[in-house]
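Atoms within each ligand, like the ligands themselves, are counted from 1 in listed order.
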Amino acid sequence: MEDKLITTAIEMLDRAYVPYSHFPVGAALECADGSVYTGCNVENASYGLCICAERTAAVKAVSEGHRDFKRIVIAGNSEDYCTPCGACRQFLYEFAPGMEIICLNAKREAMKTTLSALLPHGFGPEHL
Ligand code: THU
């Protein structure tokens, strides 16, 4: 399953709409029931409206009734592992503060971590 999730995230790189940054990102998000939601970054001429691959996938999952995120694979085409930006960490934290995160680089090497490691002491619904 993990291999398939990785392949799916890499395939999503081709769907990225990145005329401004030329930095494609693909994501594949697996939920507790095994369902998978994909995402890519989608940019806009009004730069501030660009949305990341991770949030695309998360919004697709939640809007289809799936909030129980298990893990996400994030694929980039750069030398460094493509780690989620701060906004995406916070966005995912809302639903699954302990979820697994697998970051890929251009060589398709994987770095495995967790959201708790990337966003310690995050702010969540329980704080309100
Ligand atoms: N981006 C993502 O989609 N996910 C990340 O984790 C990092 C950044 C996108 C946003 C923008 O379209 C491009 O990568 C460059 O920042």
Side-chain angles (χ1 to χ4, degrees):
M1 186 58 187
E2 188 177 302
D3 285 353
K4 172 79 177 109
L5 204 63
I6 287 174
T7 306
T8 302
I10 292 168
E11 283 171 0
M12 288 308 291
L13 286 165
D14 291 335
R15 299 260 178 95
Y17 175 72
V18 288
Y20 308 108
S21 73
H22 304 287
F23 188 90
V25 182
L29 172 66
E30 184 188 344
C31 300
D33 68 348
S35 56
V36 172
Y37 292 88
T38 57
C40 62
N41 47 343
V42 182
E43 300 186 342
N44 192 277
S46 178
Y47 300 160
L49 296 182
C50 295
I51 183 163
C52 294
E54 300 91 316
R55 272 176 287 155
T56 302
V59 166
K60 285 169 70 177
V62 173
S63 64
E64 293 297 324
H66 294 269
R67 299 177 186 167
D68 198 357
F69 303 163
K70 182 178 174 195
R71 57 185 164 180
I72 189 167
V73 177
I74 307 162
N77 265 339
S78 54
E79 198 178 320
D80 290 332
Y81 294 108
C82 190
T83 53
C85 77
C88 287
R89 294 177 198 199
Q90 176 63 33
F91 199 86
L92 294 170
Y93 188 90
E94 177 79 15
F95 303 103
M99 71 185 291
E100 190 183 339
I101 301 202
I102 302 173
C103 306
L104 306 181
N105 62 15
K107 290 181 182 163
R108 306 310 177 221
E109 294 161 333
M111 178 188 72
K112 288 190 190 183
T113 184
T114 60
L115 187 52
S116 357
L118 294 182
L119 187 66
H121 307 292
F123 184 81
E126 71 279 8
H127 289 98
L128 296 174

L13 with V18, same ILVMFWY side-chain cluster at under 4.5 Å:
no

According to a hydrophobic-cluster definition based on side-chain heavy atoms being under 4.5 Å apart (Ile, Leu, Val, Met, Phe, Trp, Tyr only), do L119 and I102 belong together?
no

Contact residues of ligand 1 with a heavy-atom cut-off of under 4.0 Å?
S21, F23, V25, N41, E43, C52, A53, E54, T83, P84, C85

Regarding S78 and D80, do their side chains bring together a donor and an acceptor under 3.5 Å, going by distance alone?
no

In one Ile/Leu/Val/Met/Phe/Trp/Tyr side-chain cluster, 4.5 Å: Y81, M99:
no

Anything under 30° is parallel, anything over 60° is perpendicular, the rest tilted; go ahead and classify F123 against H127.
parallel

Once side chain to side chain donor-acceptor pair (under 3.5 Å) is applied, what residue pairs with a partner in residues 44-54 remain, sequence neighbours excluded?
none

